[in-house]
2 protein chains.
Amino acid sequence: MGRQIKRLCVMGKCEQCIVRQFSALRALDKDELMRMSNCKTSHSVKKGEALFEEGDHINGVFCIKSGICKLTKLSPNGKNQIVKFIKRGDLLGQRSLISDEAVNLSAVAIDEMEVCFIPKEEVMRFFKENSKFNAEIIKDICHDLKLADDAIVEMAQKSVKQRLAGALLEFEEEFGVDKEQYLKVSLSREEISNVVGTATESLIRMLSDFSKKGMLETNGKKIKIANRTELERVAEGF
Amino acid sequence: MGRQIKRLCVMGKCEQCIVRQFSALRALDKDELMRMSNCKTSHSVKKGEALFEEGDHINGVFCIKSGICKLTKLSPNGKNQIVKFIKRGDLLGQRSLISDEAVNLSAVAIDEMEVCFIPKEEVMRFFKENSKFNAEIIKDICHDLKLADDAIVEMAQKSVKQRLAGALLEFEEEFGVDKEQYLKVSLSREEISNVVGTATESLIRMLSDFSKKGMLETNGKKIKIANRTELERVAEGF
DNA sequence: AAAAAAATATGATATTTGTCACCTAAGTAG
DNA sequence: CTACTTAGGTGACAAATATCATATTTTTTT
């Protein structure tokens, strides 16, 4: 855990990469994409490895081709809070690049990941010269800010039980389910507790309580939502 | 509570207004300031009045000349969470303008306020044509996002007691104290509980507990920090 | 000034959540 | 395979926080 990535991979062409359609990179034209192809590097990241850590100065952004990572922040009391998940199609690192500050969160893979790294100079050039790209990036950041405000309210006003129910529903919505309906994201109990902001033991109890009440089915680490309606009611506070 | 503002005031010239130095507006040149002077409107806002409410579409930004307002969000369970305070020199509404969405928070005066309203068209024109202004606005938004991430962690990982101690210290730092060392912001117990995210009764108990232990002195609504070192220790979790 | 309304305060009690100790199952390195 | 390590799980209990009822004080309205 915590090792920085090094592994380099075969490079594909950005022009042909579908993943860019999911992010602000969709605003780039052919010339810009070709320029990007030439300066980007591709990496594979193993589960548990960090793309960057709180306090790092990164000099570029990551474009996620596959896999999922968690953005975490260490609280003064030593616990790790998961603030957000980043997945295929997302960009990572824009905020720090634009405001020219150290990153305030660590990014750790919870999956095997494939990512491309686009150097700062190139990104900032697009940012300054391509007003459509500029607007898309800013919209993303504004959206993140809105989500963060929502999260503050959620944390401050909802019980752990409500937050857990909400988190499970979000996992389903954001990452989907496999053929057997199990959530695709595979998180340890500790990681889930770091999303919800509670003690691991409390979380485990609540999970088995939800199972007892027929809202979930678990199979080892795997979790399946068995009664969405009821889980939604719990998330709303009933 | 909740009435929209109407009162118009005498207009000053933006060129001569010191307050603009505190925000992104400092990036505007003389011509731009004169143009702004001609299209802005000045308003006075009474305590308890809303500048806008969650869900509104605002078509401009506010520049705060004096006074303080709270940004609040109604949680599904009917409680009001205070997410942030806005004070003299701050701009308000940029995010919604730029991302062209409804505002996600309500802004309610906790003080008598004087504000100027600058219409959307003008702001967006500066935003598009003045790259320094553009950069300043974006930096502000990025900074807000960073603060919001911090707040999520704080809410999720700290106890109510820690959060209260932290909030009081922030009140002192952000708004200062009067000649007798009392905090300048005057919030009701309910408002403080809406900052910290707890029940009003619990908050009152904690305040008097802090007083009993010599960390605070209270006089009606007024609060004075009597032992900062100790309060800081509590905020850190000791 | 009196009455009404709102804010502050306190007690009793229930509920939620955390902590510690410990145990079992599962995965991993030698 | 076996020892070791880590994650998952449970019980007992303590601490934190919410809730409800009810004073008391302050503010506002009449």
Side-chain angles (χ1 to χ4, degrees), chain A residues 1-2 46-48 75-81 110 154-167 182-183 185-213 216-223 234-235 237-238, chain B residues 1-2 46-48 75-81 110 154-167 182-183 185-213 216-223 234-235 237-238:
Chain A
M1 191 176 128
K46 291 221 194 85
K47 182 173 170 166
S75 87
N77 66 38
K79 285 183 186 167
N80 241 17
Q81 179 67 26
I110 62 169
E154 174 129 354
M155 285 295 178
Q157 303 278 6
K158 292 189 178 173
S159 67
V160 174
K161 199 192 282 185
Q162 285 178 277
R163 270 139 57 193
L164 174 56
Y182 286 104
L183 295 178
V185 248
S186 171
L187 298 171
S188 69
R189 305 291 138 125
E190 191 181 0
E191 281 172 319
I192 300 177
S193 75
N194 290 344
V195 173
V196 171
T198 193
T200 308
E201 297 95 321
S202 301
L203 176 111
I204 288 172
R205 271 182 249 274
M206 259 173 223
L207 274 184
S208 60
D209 185 54
F210 283 2
S211 296
K212 231 173 278 163
K213 291 182 175 143
L216 301 179
E217 280 171 42
T218 59
N219 182 348
K221 268 176 104 100
K222 293 191 296 178
I223 298 176
V234 171
F238 296 102
Chain B
M1 194 175 132
K46 291 221 193 84
K47 180 173 170 166
S75 87
N77 66 38
K79 283 184 187 166
N80 242 18
Q81 178 68 27
I110 62 170
E154 172 128 353
M155 286 295 178
Q157 302 277 5
K158 292 190 179 172
S159 69
V160 174
K161 198 192 283 187
Q162 285 178 278
R163 271 139 57 195
L164 173 57
Y182 287 104
L183 295 178
V185 251
S186 171
L187 299 170
S188 68
R189 304 290 136 120
E190 191 181 0
E191 283 172 318
I192 300 177
S193 75
N194 290 344
V195 172
V196 171
T198 192
T200 307
E201 298 95 320
S202 301
L203 176 111
I204 288 172
R205 271 182 248 275
M206 258 174 224
L207 275 184
S208 60
D209 184 54
F210 283 2
S211 295
K212 230 173 279 163
K213 289 181 178 145
L216 302 177
E217 279 172 42
T218 59
N219 182 349
K221 269 177 104 100
K222 293 190 296 178
I223 298 175
V234 171
F238 296 102

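Order of the sequence lines fixes the chain letters, A, B, ..., with proteins taken first and strands second; residue numbering starts at 1 for each chain.
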Apply salt bridge (Lys or Arg N to Asp or Glu O under 4.0 Å) to [X] and list each qualifying residue two or more places apart in sequence or on a separate chain.
X      : answer
A/E201 : none
B/K161 : none
B/K221 : none

Is a side-chain donor or acceptor of [X] paired with a backbone partner of [Y] at a separation under 3.5 angstrom?
X      : Y      : value
B/R163 : B/K158 : yes
A/N80  : A/N194 : no
B/Q81  : B/V195 : yes
B/R189 : B/T200 : no

Q: Could you list where the contact with chain B starts and ends along DNA chain D, reading 5' to 3', using a 4.0 Å heavy-atom cut-off?
A: D/dT17 to D/dC20
Q) Which angle, to the nearest 10 degrees, lies between the helix axes at the two ends of the helix from C/dA1-D/dT30 to C/dG30-D/dC1, each defined by five pairs? A) 50°
Taking all non-hydrogen atoms of both residues, which atom of [X] and which atom of [Y] are closest, and how far apart?
X      : Y      : result
B/G166 : B/A235 : N-CB, 3.9 Å
A/M155 : B/A156 : SD-CB, 3.6 Å
A/L164 : A/V196 : CA-CG2, 3.8 Å

**Q.** Nucleic acid footprint by protein, nucleotides 9-26 of chain C - heavy-atom cut-off 4.0 Å, B for base, S for sugar-phosphate alone
**A.** BBBB----SBBB------
**Q.** Nucleotide C/dT8, atom P - distance to CG of B/D209 in whole Å
**A.** 18 Å
